[in-house]
Amino acid sequence: MLQVQILRPATTLRPLTTAHLAQTMSLLELTAVELNQKIETELSQNPALELREERRCPTCHRPLIGSQPCPRCSTPKSLSMEEPIIFVSPRQDFYVSRRSSAEEFSGENLTPAKEELPTFVLRQIAPDLDPDDRRLAAHLLTNLDEDGLLDTTPLEVARYHHVSLGKVEKILNIIQRADPVGVGSSSPREALLVQLELLAENFPVPPLADEAIKSGLELLSRHQYTELGRLLGISSRKVREIARFISDNLNPYPGRAYWGDIRQGTAESPRVYNNPDVIISLLQGNANAPLVVEIVSPFLGLLQVNPLFRQALGQAPADKVEQWKSDLERADLLVKCIQQRANTMVRLMRRITKLQREFILHGDCYLRPYTRAKLAEELDVHESTISRAVSSKAAQLPNGHIIPLSKFFDRSLHIRSVIKEIIDNEKKPLSDNEIVSLLNEQGFHVARRTVAKYRSMEGILPSHLRQVKESPKPA
DNA sequence: CTATGGCACGGATT
DNA sequence: AATCCGTGCCATAG
């Protein structure tokens, strides 16, 4: 197997000391980006550490480990659909803005009070703005509500800063096109339109989708497809396509799906959201091929203890010998622990991707219920090991979506998607109680109250506010 | 009277 | 030990 060649045999990786154990655990909690930062500071402080010369794959430009061929581009020998191709990539090219957000606007006392979203957005757009404009942007961003929508009006902001409305709107436009797209819109409708516009630059979008949002959002949210079709002058089938496209690709509340609140960052280490720790793709884009799982582990295989430093230890000046010794120990430990971390991630992801292949390929409905405890038992590690590895990490799926790893352990997702399906296919609005009995028939045992909760989680209106669907079309 | 949402409790999960 | 989640009870709206 690939990772056996890449990593040292597991036996040499067993934690030998409590220090080893402690550091392994703390490294496991870090995301790839954080690990990258940690290693960089360590590199600059510890003379015993050095970087091996980097070799990159000529085809995909990934950094390679040792003399191994690129695990992604060289076709593996055995192609079993079941068995995912897993490899560790030492890449360290993240989309991180190094600019400290605190420095950016501390002078103005405009530090965003709300946790992450405002700073995150500001950091993206700051390079494009003049200092003056940054103050406006900061002001706008501090007035976001928890859904990522604007809580004030551009006009108000313009008055407050004595600038033209046009100027504020121009900046707002820049904000809206930052990640998460649509943030800073004044309504869900506007957010959707911005997202659609941006999407249209790279993807084909259904015709009239923008019209549907502009004039038919209310109808859309109540699933009144026939009505909407009449309004737009197209068949309800087309409307369904549009509705499907919108719910798959757009998000009326930019701040909500934004799972930033899951990973609370601190002032010293602002979290970065758009860098996945695991990238799952399809071999040659073929849905019947094995999954390719790339685990991002910065500097893995490139970081080593400087052998010259080790030799020089014998001739260390007497006053430095203690210092050097500890540097050497720290370096040794770090290198080992990073390998241990990668090893754990590989085992973890192999199990998850094998088990949840259907979910990865086809979406929420196919998520199998699974708990961290069960996984821990199978891998023969402590539960907390899994918890640490999973929390605050992100995976990118073949469809491009970036999800928190914890989604693989969402107990209710499966039932939620079944409920969504039932409501999507209902002939007349079903009450929560009726949905319960339908679910019971399919073998799901949930209480009426729970259905109600899931329904509202999915943003589906109660039955008396939903509309009668058109009868199914004969083909 | 029925359907739904708020509050809160207990058990499972982390 | 802390947190999350499903559920029951009750008030309220339709």
Side-chain angles (χ1 to χ4, degrees), chain A residues 21-22 24-31 115 146-147 218 221-224 253 256-266 271 277-278 341 344-345 347-349 351-352 355-356 359 364-365 367-395 403-420 422-424 426-469:
Chain A
L21 188 67
T24 305
M25 281 305 182
S26 69
L27 286 188
L28 207 53
E29 279 180 336
L30 301 183
T31 66
E115 314 84 336
E146 57 189 18
D147 289 332
E218 290 76 15
S221 64
R222 288 185 204 168
H223 298 266
Q224 288 168 291
Y253 305 102
R256 203 183 275 182
Y258 203 72
W259 41 282
D261 50 350
I262 295 176
R263 0 159 97 192
Q264 306 98 354
T266 59
R271 302 264 182 164
D277 304 277
V278 177
R341 174 186 182 275
T344 308
M345 290 302 294
R347 298 211 297 147
L348 180 81
M349 288 315 297
R351 187 71 203 153
I352 291 182
L355 207 72
Q356 306 284 15
F359 162 72
D364 292 356
C365 300
L367 182 73
R368 297 201 203 166
Y370 205 53
T371 68
R372 299 170 227 268
K374 236 188 277 174
L375 182 62
E377 197 188 321
E378 284 170 6
L379 295 184
D380 194 26
V381 293
H382 199 274
E383 290 174 17
S384 73
T385 311
I386 304 287
S387 280
R388 285 161 186 270
V390 163
S391 67
S392 83
K393 285 205 187 61
I403 60 164
L405 273 192
S406 57
K407 192 165 173 178
F408 284 104
F409 302 94
D410 190 323
R411 276 170 294 168
S412 61
L413 193 68
H414 186 226
I415 301 191
R416 285 211 305 266
S417 66
V418 174
I419 292 176
K420 231 195 306 190
I422 289 178
I423 293 178
D424 273 343
E426 72 191 0
K427 301 281 159 38
K428 72 173 182 52
L430 296 168
S431 74
D432 290 347
N433 261 325
E434 289 168 311
I435 294 178
V436 169
S437 38
L438 277 175
L439 283 173
N440 278 330
E441 282 171 27
Q442 296 188 33
F444 300 105
H445 296 283
V446 282
R448 184 234 104 218
R449 189 65 194 78
T450 311
V451 172
K453 264 222 162 97
Y454 288 168
R455 188 173 44 66
S456 64
M457 277 171 87
E458 299 292 341
I460 300 172
L461 293 168
S463 67
H464 60 275
L465 292 176
R466 297 202 300 270
Q467 295 294 315
V468 183
K469 303 285 170 66

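Chain letters run A, B, ... following the sequence lines, proteins first, then strands; residues in each count from 1.
Using a 4.5 Å cut-off on side-chain heavy atoms (C-beta onward), A:Arg341 and A:Thr24 make no contact. You'll find the side chain of A:Glu426 stays beyond 4.5 Å of the side chain of A:Glu434, heavy atoms only.
One atom, CE of A:Met457, and another, P of C:dC4, lie 13 Å apart when rounded to the nearest Å. Here the P atom of nucleotide B:dT4 and the CG atom of A:Asn433 are 8 Å apart, to the nearest Å. Computed from coordinates, the A:Asp432 CG to C:dT7 C1' distance equals 14 Å when rounded to whole Å. In this entry the distance linking CD1 of A:Ile460 with P of B:dA3 reads 18 Å, nearest Å. Distance CG (A:Leu465) to P (C:dG14): 9 Å, rounded to an integer number of Å. With rounding to whole Å, A:Lys407 atom NZ is found 14 Å from C:dC5 atom P. Atom NZ of A:Lys453 is separated from atom C1' of C:dC4 by 11 Å (rounded to the nearest Å). The separation between A:Arg455 atom CZ and C:dG6 atom P is 15 Å, rounded to whole Å.
A:Ser431 has no side-chain polar atom (N or O) that falls below the 4.0 Å cut-off from OP1 or OP2 of B:dT2. Residue A:Thr450 places at least one side-chain N or O under 4.0 Å from the OP1 or OP2 atom of C:dT7. Under 4.0 angstrom from either OP1 or OP2 of C:dC5 there lies no side-chain N or O belonging to A:Tyr454.
Among the atoms of the strands shown, only primed sugar atoms or phosphate atoms (P, OP1, OP2) are found under 4.0 Å from some heavy atom of A:Ser412. As judged by a 4.0 angstrom heavy-atom cut-off over every strand, A:Arg449 is placed among the base-contacting residues. Within the 4.0 angstrom heavy-atom criterion, no nucleotide atom of any strand lies near A:Arg388.
For A:Ala452, the side-chain atoms get nearest to B:dG5 when compared with the rest of B:dT14, C:dC5, B:dG5. Minimum atom distance to the side chain of A:Ala447 is reached by C:dT7, of the listed B:dT14, C:dT7, B:dG5. Counting only heavy atoms from C-beta on, A:Glu383 has its side chain closest to B:dT14 among B:dG5, B:dA3, B:dT14. Listed nucleotides: B:dT13, B:dG5, C:dT7. Nearest to the side chain of A:Val446: C:dT7. Residue A:Arg372 places its side chain closer to B:dT14 than to any other of B:dA3, B:dT14, B:dG5.
Summary of the strand contacts: A:Ser456 and A:Ala373 both lie near DNA chain B, and taking for each the nucleotide with the nearest heavy atom, the more 5' one is attributed to A:Ser456.
Looking only at distances, no side-chain donor or acceptor of A:Arg448 sits under 3.5 Å from a matching main-chain atom of A:Asp432.
Aromatic pair A:His414/A:Phe444: ring centres closer than 6.0 Å.
A:Leu438 pairs in a side chain to side chain contact (heavy atoms under 4.5 Å, CB included) with only one of the listed residues (A:Val418, A:Val451, A:Ile422, A:Asn433), which is A:Ile422.
Side chain A:Arg448 to base B:dG5: a donor-acceptor pair is found below 3.5 Å.
Taking the six-membered ring where the residue is Trp, A:Phe408 and A:Phe359 present perpendicular rings, their angle passing 60° and hence far from 30°.
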